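Structure first, commentary second.
The shown structure was predicted, so the numbers you read here are calculated from the model rather than taken from an experiment. Residue numbering restarts at 1 for every chain, and letters A, B, ... go by the order of the sequence lines.
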Protein chains: 2
Amino acid sequence: MAIELDAFDCKLLMEVQRDAQIPQSELGARVNLSTAAVNRRLRRLADEGVIDRYAAIVSPEKTGHPITVVANVEVESEQIDLLDAMKRTFARCPQVQQCYYVAGEWDFVLILAVRDMDQYTELTRQLFFSNNNVKRFKTLVSMSRVKVGLEVPLVASAE
Amino acid sequence: MAIELDAFDCKLLMEVQRDAQIPQSELGARVNLSTAAVNRRLRRLADEGVIDRYAAIVSPEKTGHPITVVANVEVESEQIDLLDAMKRTFARCPQVQQCYYVAGEWDFVLILAVRDMDQYTELTRQLFFSNNNVKRFKTLVSMSRVKVGLEVPLVASAE
DNA sequence: TCTGAAAATGGACCTTT
DNA sequence: AAAGGTCCATTTTCAGA
């Protein structure tokens, strides 16, 4: 599953994870490679799926979704088709940014971006109260987004 | 704080959130705008901070970080400088992808990408056990990343 | 909205290990 | 073979009329 990455790959990935707009020529200068080599490596990394995709990161505040909510959910039954249905429901909801199926005290952890608490209340109806397989859920409202990203740690030494 | 977005802005943002590599000419065709207009709008959205940045999304699995962990942390004291120190510690840790300071049963929610459980154990030492202000913490290990992203919901009708 | 210049990407081809 | 470098064609971005 994991793919061999040399020091050049790691450095390139670290850069483009932070900023995908750096021109390949500039990347080449930073890691000591020609632009063509940078181009080939980035293409290879994308083909191999190491780079999943390139995306614009949009500010939730500026777009009127200032509230981040973490919701923990416990299910009634772990029957596979019930779980799959829940996963689909959660994944389909646009306000759900992330959904993890976890082991521990809870079964699901959701991260939501909402306009206000009214919208969240409405979502709890849709996602939790109207779902018979939700046993209970607990809400944590974020007061500050200390760090938000999807960056993967890549020490340059990793092989 | 929030910025006025018309239907064109919303459509463009939806597209580039999913895929930032679509050429502006193609975006123009999709939303019915000239490439120049698309160019101007994207630049404006970036200048205004609506688009925070462009980033490559890297696969944690392919880079050898297959385990996602959610850690809930309760602090001993909410003294402001102690909290700030914790926030900085969490934010600085490369394995911490996200850190939210929350209200509710816990004080912090962390999302971590780790190589294996040994690495997580080591991180709990660094981040939690060696920190006097951590009262207790609870770990949830993700078995499946049902949905992972930072996409902000943007219905085309939003004003 | 159109046109054109500047920049960036990505392929061809050759060289090195 | 595998990967790097140089050079060049194509595509994309982006500013001015």
Starting from P on C/dA7, measure out to CG on A/Leu27 and report it in whole angstrom.
17 Å
Residues in salt bridge (Lys or Arg N to Asp or Glu O under 4.0 Å) with A/Arg53, at least two apart?
B/Glu151
Can you name the residues that form a ring-ring contact (aromatic ring centres under 6.0 Å, His included) with B/Tyr100, not counting sequence neighbours?
none
State which residues pass salt bridge (Lys or Arg N to Asp or Glu O under 4.0 Å) with A/Arg18; sequence neighbours excluded, sorted by chain then number.
A/Glu15
For a quick check, with a 4.0 angstrom heavy-atom cut-off, what is the B/S/- contact string for nucleotides 4-15 of chain D, read 5' to 3'?
BBB-----SSBS
Would you mind writing out the side-chain donor-acceptor pairs for residues 125-132 of chain B within the sub-3.5 Å range, not counting sequence neighbours?
from, atom 1, to, atom 2, distance (Å)
B/Gln126, NE2, B/Glu122, OE2, 3.3
B/Ser130, OG, B/Arg125, O, 3.0
B/Ser130, OG, B/Gln126, O, 2.8
B/Asn131, OD1, B/Asn133, N, 2.8

So which pairs with a foot in residues 103-119 of chain B pass side chain to side chain donor-acceptor pair (under 3.5 Å), sequence neighbours left out?
A/Lys138-B/Glu105
